[in-house]
There are 2 protein chains.
Amino acid sequence: MARPSQNLDQRLTRVGRRHLTRRGSARFSVRELCAEAGVNLGMFHYHFRSKAAFISGLLEEIYNPMFARLNLAAGSGQDPVEKLRSALRVFGGWVTEHRVLLSRLAADLLGGESNVAAFIRTAEVRHIAVMVGLILECQRADRFPPGHPGEIMVFIGGATFLPLLVGTLAQNNKHLPAPIRAVLKDGTLFTEAALSRRIDAALRGLTLPLPKLRA
Amino acid sequence: MARPSQNLDQRLTRVGRRHLTRRGSARFSVRELCAEAGVNLGMFHYHFRSKAAFISGLLEEIYNPMFARLNLAAGSGQDPVEKLRSALRVFGGWVTEHRVLLSRLAADLLGGESNVAAFIRTAEVRHIAVMVGLILECQRADRFPPGHPGEIMVFIGGATFLPLLVGTLAQNNKHLPAPIRAVLKDGTLFTEAALSRRIDAALRGLTLPLPKLRA
DNA sequence: CTTGTTTTTATACGACCGTATAGTTTGCGC
DNA sequence: GCGCAAACTATACGGTCGTATAAAAACAAG
């Protein structure tokens, strides 16, 4: 056929994931990535059309396997609360594993950066719909109080996953005041046991009337 | 003496505060600011030496009045817990007032931007020391449990002020999933009453043995 | 009117960025 | 060997950015 590939595309995706983790999508630099990977600048747009497409592809590579496992967890079993618990464990484990990258992306998103926003909006983020569906199932089975499932979603996410992102950001940020960083030093926040405790507590809390969510 | 000033420096600081609020410090553009203000680009570096100096000056202008009121509140009264409560109210009111700007700066800070980080580190942020001092006072008076005051600081801040920043970011972000935004629509999060409730609850919670801070 | 000082303007420099494009290398089937 | 196509290289374009600098404008004092 033609000249055999040196698989520079694979090298770029591998180093690109590291680069995205370190720099976030806002300060992501194509030229810097190519230099890190020892790859000619032209190869970037040869293999991937644009910076946005590259980042979007990276995110899909990271997101899709989790989503497959999430659907598996959400579909197996009878008890709706247990199905939700399984799904939350899958998602929480994924957030824990990729917390450095995800927290950086979250910071970018909140700062108004657009590459991540595009990925989130272009229907590639589908786990929320699955979660809401499970919550609705719980409500129909009278296991959860009635009301807007989004509010329950926010409650669960805030109690279980948000601490992972905020904690990671704070931990990795040298500019934050020392007392805030000191609390995160031991790292028990990121263990699977602690995650399960938070999930269990959140679900247990929901079988009671949903508290007023003031914060 | 010489050519009379048109006070373009004042115009720049006024429009600059708006620009900083809208764009954050990471995407702050000197050229764009000058265009918005209808001021020649050269005037920016004539009045203010650099972009970093300009932003730092803006932050001081916003921070210093609050710090003065904070010291006043922290110094008047006898009961250490009440002094702390007053100081927290001052700080919380200030965070509420400037929540749009502050939340954007927080996002920048977590994203690794350096202008805000410089301001925080160059000893211009002194309220934390005052707060820690008041906490120590409470501990010496046996009103608070012993232990690292930083941990108590984080607990209070997380329960009272962090929700303001996170809520503002989520509220202003069109890219976030709808269910998350819907919860923040009513705006009761930002009332003075809600702030006082959170402060009171946090302080009340501290007079009991400090709970394990897992999240 | 001239001199001097301050404010204001216009323009240029150098750096970085994402992207485009023309050209070169390299191996295949013929 | 030859042509072809895919992989790879080198370089350039156009843009934004913060900053620097030289010149002009505007007023007061002499």
Side-chain angles (χ1 to χ4, degrees), chain A residues 1-20 22-59 104-105 108 111-119, chain B residues 1-20 22-59 104-105 108 111-119:
Chain A
M1 275 272 283
R3 179 175 176 175
S5 173
Q6 299 174 229
N7 298 321
L8 297 184
D9 53 338
Q10 291 174 38
R11 185 128 60 114
L12 280 174
T13 54
R14 184 163 37 82
V15 182
R17 194 183 285 213
R18 196 185 64 192
H19 188 75
L20 186 63
R22 284 186 184 156
R23 306 286 308 265
S25 80
R27 303 193 301 161
F28 185 102
S29 165
V30 174
R31 301 177 113 94
E32 210 169 296
L33 161 60
C34 290
E36 283 175 21
V39 168
N40 188 281
L41 175 61
M43 290 310 289
F44 183 86
H45 292 88
Y46 176 72
H47 283 301
F48 319 94
R49 300 187 324 281
S50 69
K51 169 177 165 175
F54 179 74
I55 290 182
S56 169
L58 273 189
L59 295 184
R104 201 156 271 282
L105 297 182
D108 288 342
E113 213 273 333
S114 55
N115 278 318
V116 188
F119 179 73
Chain B
M1 274 279 276
R3 178 172 178 173
S5 174
Q6 299 175 228
N7 299 320
L8 297 183
D9 54 338
Q10 291 173 37
R11 186 127 61 116
L12 280 174
T13 53
R14 185 162 37 82
V15 181
R17 195 185 285 211
R18 195 185 64 191
H19 188 75
L20 187 64
R22 285 187 184 156
R23 307 286 308 266
S25 80
R27 303 195 300 162
F28 185 101
S29 164
V30 174
R31 302 177 113 95
E32 212 169 295
L33 161 61
C34 289
E36 283 175 22
V39 168
N40 189 283
L41 175 62
M43 291 309 289
F44 183 87
H45 291 88
Y46 175 71
H47 282 302
F48 319 93
R49 299 188 324 282
S50 70
K51 168 177 166 175
F54 179 75
I55 290 182
S56 169
L58 272 188
L59 295 183
R104 202 157 272 282
L105 296 183
D108 288 342
E113 213 275 333
S114 54
N115 279 318
V116 187
F119 179 74

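Here is the naming used below: chain letters follow the sequence lines, and residue numbers restart at 1 for every chain.
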Which atom of [X] lies closest to which atom of [Y], heavy atoms considered:
{"X": "A:Asp108", "Y": "A:Ser25", "value": "OD2-N, 2.6 Å"}
{"X": "B:Cys34", "Y": "B:Phe44", "value": "SG-CB, 3.9 Å"}
{"X": "B:Glu113", "Y": "B:Val116", "value": "OE1-N, 3.6 Å"}

Find the distance [X]:[atom1] to [N]:[atom2] and express it as a whole number of Å.
{"X": "B:Asp9", "N": "C:dT6", "atom1": "CG", "atom2": "P", "value": "15 Å"}
{"X": "B:Arg27", "N": "D:dG18", "atom1": "CZ", "atom2": "C1'", "value": "18 Å"}
{"X": "B:Asn40", "N": "D:dG18", "atom1": "CG", "atom2": "P", "value": "15 Å"}
{"X": "B:Phe44", "N": "C:dT11", "atom1": "CZ", "atom2": "P", "value": "21 Å"}

Using the 3.5 Å cut-off, write out each protein N or O paired with an N or O of nucleotides 21-24 of chain D and the distance between them.
none

Listed nucleotide nearest any side-chain atom of [X], set [options]:
{"X": "B:Lys51", "options": "C:dT5, D:dT19, C:dC17", "result": "D:dT19"}
{"X": "B:Ser5", "options": "D:dC8, C:dT8, D:dA26", "result": "C:dT8"}
{"X": "A:Arg31", "options": "D:dG18, C:dT8, C:dC17", "result": "C:dC17"}
{"X": "A:Glu32", "options": "C:dC17, D:dG18, C:dT6", "result": "C:dC17"}
{"X": "B:Tyr46", "options": "D:dC17, C:dT7, D:dT19", "result": "C:dT7"}

Touch check for [X], heavy atoms < 4.0 angstrom, all strands: base, sugar-phosphate only, or nothing?
{"X": "A:Phe28", "value": "sugar-phosphate"}
{"X": "A:Phe54", "value": "nothing"}
{"X": "A:Leu8", "value": "sugar-phosphate"}

**OP:** Return yes if some donor-acceptor pair links the side-chain N/O of B:His19 with the main-chain N/O of B:Phe28 below 3.5 Å, else return no.
**Re:**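 Not confirmed, B:His19 side chain does not pair with B:Phe28 backbone.
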Original post:
So, is B:Gln6 close to the C:dT7 phosphate, meaning a side-chain N or O under 4.0 Å from OP1 or OP2?
Top reply: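 Answer no for this pair, as no side-chain N or O of B:Gln6 is under 4.0 Å from OP1 or OP2.
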Original post:
Below 4.0 angstrom from OP1 or OP2 of D:dT19, is there any side-chain N or O of B:His45?
Top reply: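 True: B:His45 side-chain N/O within range (under 4.0 Å) of D:dT19 OP1/OP2.
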Original post:
About how many Å separate CG of B:Leu20 and CG of B:Leu59, when rounded to the nearest 0.5 Å?
Top reply: 6.5 Å
Original post:
Passes side-chain contact (heavy atoms from CB on, under 4.5 Å), A:Thr13 versus A:Phe48? Steps please.
Top reply: CA-CA 10 Å; A:Thr13 54; A:Phe48 319 94; 3.6 Å; yes
Original post:
What do you reckon, is CZ of B:Arg49 surrounded by more than 12 foreign heavy atoms closer than 6.0 Å?
Top reply: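 Atom CZ in B:Arg49 is not packed in, count stays at 12 or less.
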